[in-house]
Structures are given as C-alpha cells and as structure tokens.
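Indexing begins at 1, ligand by ligand and atom by atom, following the structure's order. Here the structure is a predicted model, which is why all the values come from computation and not from measurement.
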Amino acid sequence: MKALVKTKRGVGNIELLDVPEPTPGPGQVKIEVQGCSICGTDIHIYHDRSETRPPVTMGHEFSGIVCELGEGVEHIAVGDRVVSETTVWSCGVCRYCRMGMYDICPSRWGLGRGGDGAFARYLVMRAVMLHKLPANVGFFEGALTEPLACCVHAATEFTHISGGDVVLVTGDGGIGLLTLQVAKACGATVVLCGHHDERLALGRELGADYALNTAREEPRPLIDRLTDGYGVDVVLECAGAAEAANLGLDLVRRRGQYTQVGLAGKPMLVNLDLIAYKELSVAGSFNQQWTSWERALRYLRDGTVKTGPLITAVLPLSRWREGFALYEGRQACKVILTPE
Ligand SMILES: [Zn+2]
Ligand SMILES: [Zn+2]
C-alpha cells in the first residue's frame with residue numbers, strides 16, 4: 001500500500017512509499033482509513049521541528065472502518081466506523097499512566113510520529129484507543145475529532161466557562177474556529193480575533209458573536225462595552241503568537257482566566273507581570289484525554305459543533321505536497337488526504 005513516510009530526521013525527507021499492509025497484533029485492530037487531515041504537527045515534522053522515530057508513516061487526524069481484529073478484541077467489531085486517540089504506546093508504570101493520564105506519559109509515542117499513522121490505506125491501532133463515530137457524522141467531519149478533542153480539553157477541562165461569560169478567542173485558524181464553538185456550547189458570548197477576513201466570516205457563521213480583524217480594528221471599545229469596562233472573563237489563546245498572547249493578557253479582567261492553546265514553536269515575549277497584577281488563573285493545554293473525545297463526539301453528533309465547514313480541500317494522498325502547501329500557506333483551513 002502507499003504510505004506517506006518520514007524516512008529520516010532532517011528537513012523534508014517525506015516520501016510516498018510502497019509499504020507492506022500492517023497486521024493487527026493482540027489487542028489491536030486494523031482500520032481502513034477514510035480520510036486523514038493535515039495538522040500543524042505534520043508541517044512541524046516536515047521542517048523537522050518535531051520529535052519523530054523514522055521511518056514512520058505520518059498522519060494522526062483520521063477516521064476509518066475496522067476491517068480486522070487482533071486476538072482478544074471484543075468491544076469493537078469489523079465494520080465499525082471509528083476514530084482514534086493518538087497514544088500508540090505508553091509505559092503503563094509512570095505516575096501519569098497509573099492515574100489514567102496516558103496522554104501525558106513522558107515515554108508516550110504519538111501516532112504518526114512514534115508509531116505508523118493514517119496517511120495510508122490501512123493502519124493498526126490499539127483497540128482501547130478507539131471511539132465509535134456516531135452514525136450521523138461523516139468520515140471527513142469525524143477525521144477532525146482529534147483537533148476538536150484538543151479544543152474541548154482546553155476550553156472545558158482546563159478552563160471553567162460559565163453561561164454568560166464573555167470569552168475572547170484569539171486566532172482564526174482551525175483550533176480557534178473549533179474552540180469558539182465549544183465556548184458557545186458552554187453558554188458564553190464569544191469574541192473572535194484574527195487576521196484573516198474569510199476565516200473571521202466563517203467564525204461568525206459558526207457562532208462567534210463578534211469577529212474582529214485586529215490588523216484593522218482595535219478590540220478594546222467592544223470589550224469595554226460588553227463587560228462594563230472590566231475586561232473578558234476568559235481568554236483562550238489559539239494563535240500561538242506574542243501579539244495575540246499580549247492582547248489576551250491586556251483584555252482579560254482581574255481574576256479572569258487565561259488558557260494557552262496555540263503554539264508558537266519558539267519563545268515569545270509576553271508581559272507576565274499582568275498575571276500577577278490581575279491575579280489571573282493561567283492554564284496550558286496540549287493533548288486530550290478520553291473524556292475530551294467522548295464530549296467532542298457528542299458535540300458532533302448533536303450538531304453543537306461543526307467541523308465540516310473547516311474542510312476546504314480534499315486531495316488524494318499522491319497530492320500531499322499540494323495539500324501541505326495549501327495548509328502551510330493558509331490558502332486552505334483544513335485539508336483532508338484520502339488513501340489510494
Ligand atoms: Zn493534530
Ligand atoms: Zn507512562
């Protein structure tokens with residue numbers, strides 16, 4: 001089968017290769033991939049800014065159909081429509097694994113980096129990592145469960161949003177557009193800030209009460225009006241940029257919450273004094289846990305969160321270069337690659 005493989009460390013070194021089809025071992029299942037979305041992590045892998053264990057098939061945001069069961073798998077059946085968490089392996093003995101937090105195991109291997117991923121026709125995955133895709137959720141929409149689960153983790157498991165809160169979401173990329181929907185689902189009034197007019201328009205369609213292009217518009221008057229001059233209750237920083245982080249720290253109210261979701265990939269110059277002056281609760285969020293996946297799938301099933309509108313290109317795996325370029329150049333929001 002064709003698979004998109006990081007062949008060795010270094011910039012580039014990604015090739016579409018013929019590799020043998022995998023066979024499921026005990027506790028594993030074989031899945032026929034229906035679609036796999038390109039993520040910022042894949043771009044970092046391309047530029048070798050991300051840890052990998054090559055040669056490894058890339059891709060971790062996918063959906064598929066179970067086509068073969070390994071020994072001892074009983075809760076999943078052939079034909080099940082599934083999505084999967086991304087922990088390929090965790091040690092089982094560290095304090096986090098023993099507490100069920102395998103997503104932060106220091107020795108963890110992630111799908112598409114430490115273990116073969118879903119930019120291929122088939123992959124094998126540990127059956128315990130799978131979640132069933134609701135019948136009314138399409139495969140492409142379902143492929144975005146992984147980034148949605150990250151947003152659910154950040155907005156509902158590390159941040160406490162109450163109905164009526166004013167929430168500022170900075171960053172109009174895929175993560176910002178999903179996070180704003182989760183904040184809406186929690187009952188918040190959402191202000192989205194970004195730099196791309198089409199994305200901001202999409203943000204409004206997806207439920208943002210206000211969407212501002214901060215390259216042109218100063219958000220302070222709006223925030224003052226919405227909060228009687230106090231500032232927003234919650235900031236979810238999804239851009240991973242110093243400008244956005246400082247904007248959030250500036251606009252959050254005293255004793256408000258600030259959660260960092262976006263990654264800059266390098267140190268940022270931000271004014272941490274504001275955390276002290278304003279007595280902020282600050283959190284960071286990176287992966288997701290079992291509960292984030294279950295809640296993400298409920299949101300998709302109920303239509304509370306929509307992932308479909310974020311998908312702006314679907315390409316066969318052989319056109320991966322084009323897909324990566326569209327994604328990195330921000331001409332496309334989310335790009336799905338389909339196996340061939
Ligand atoms: Zn991802
Ligand atoms: Zn562990």
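With Thr156 contributing its side chain and His153 its backbone, the two residues share no donor-acceptor pair below 3.5 Å. The backbone N or O of Asn13 lies less than 3.5 Å from a partner atom in the side chain of Thr7, making a donor-acceptor pair.
Here the side chains of Leu4 and Leu317 are in contact, with some heavy-atom distance below 4.5 Å. Between Leu297 and Leu133 there is a side-chain heavy-atom pair separated by less than 4.5 Å.
Paired with Leu177 under the rule side-chain contact (heavy atoms from CB on, under 4.5 Å), one option of Thr307, Val305, Leu202 passes, and it is Leu202.
Protein N/O/S atoms closer than 2.8 Å to the Zn ion (ligand 1): Cys39 SG, His60 NE2, Glu61 OE2.
Under the 4.5 Å side-chain heavy-atom criterion for Ile, Leu, Val, Met, Phe, Trp and Tyr, Val234 and Phe158 are members of distinct hydrophobic clusters.
In this structure, SG of Cys94 and SG of Cys105 enclose an angle of 120° at the Zn ion (ligand 2), rounded to 10°. Taking the Zn ion (ligand 2) as the corner point, the angle from Cys97 atom SG to Cys91 atom SG is about 110° (rounded to 10 degrees).
Alongside Leu123, the hydrophobic cluster contains Val29, Ile31, Val33, Phe62, Val66, Leu69, Val73, Ile76, Val78, Val82, Val88, Trp89, Tyr102, Trp109, Leu111, Met125, Val128, Met129, Leu130, Trp290 (criterion: ILVMFWY side chains under 4.5 Å).
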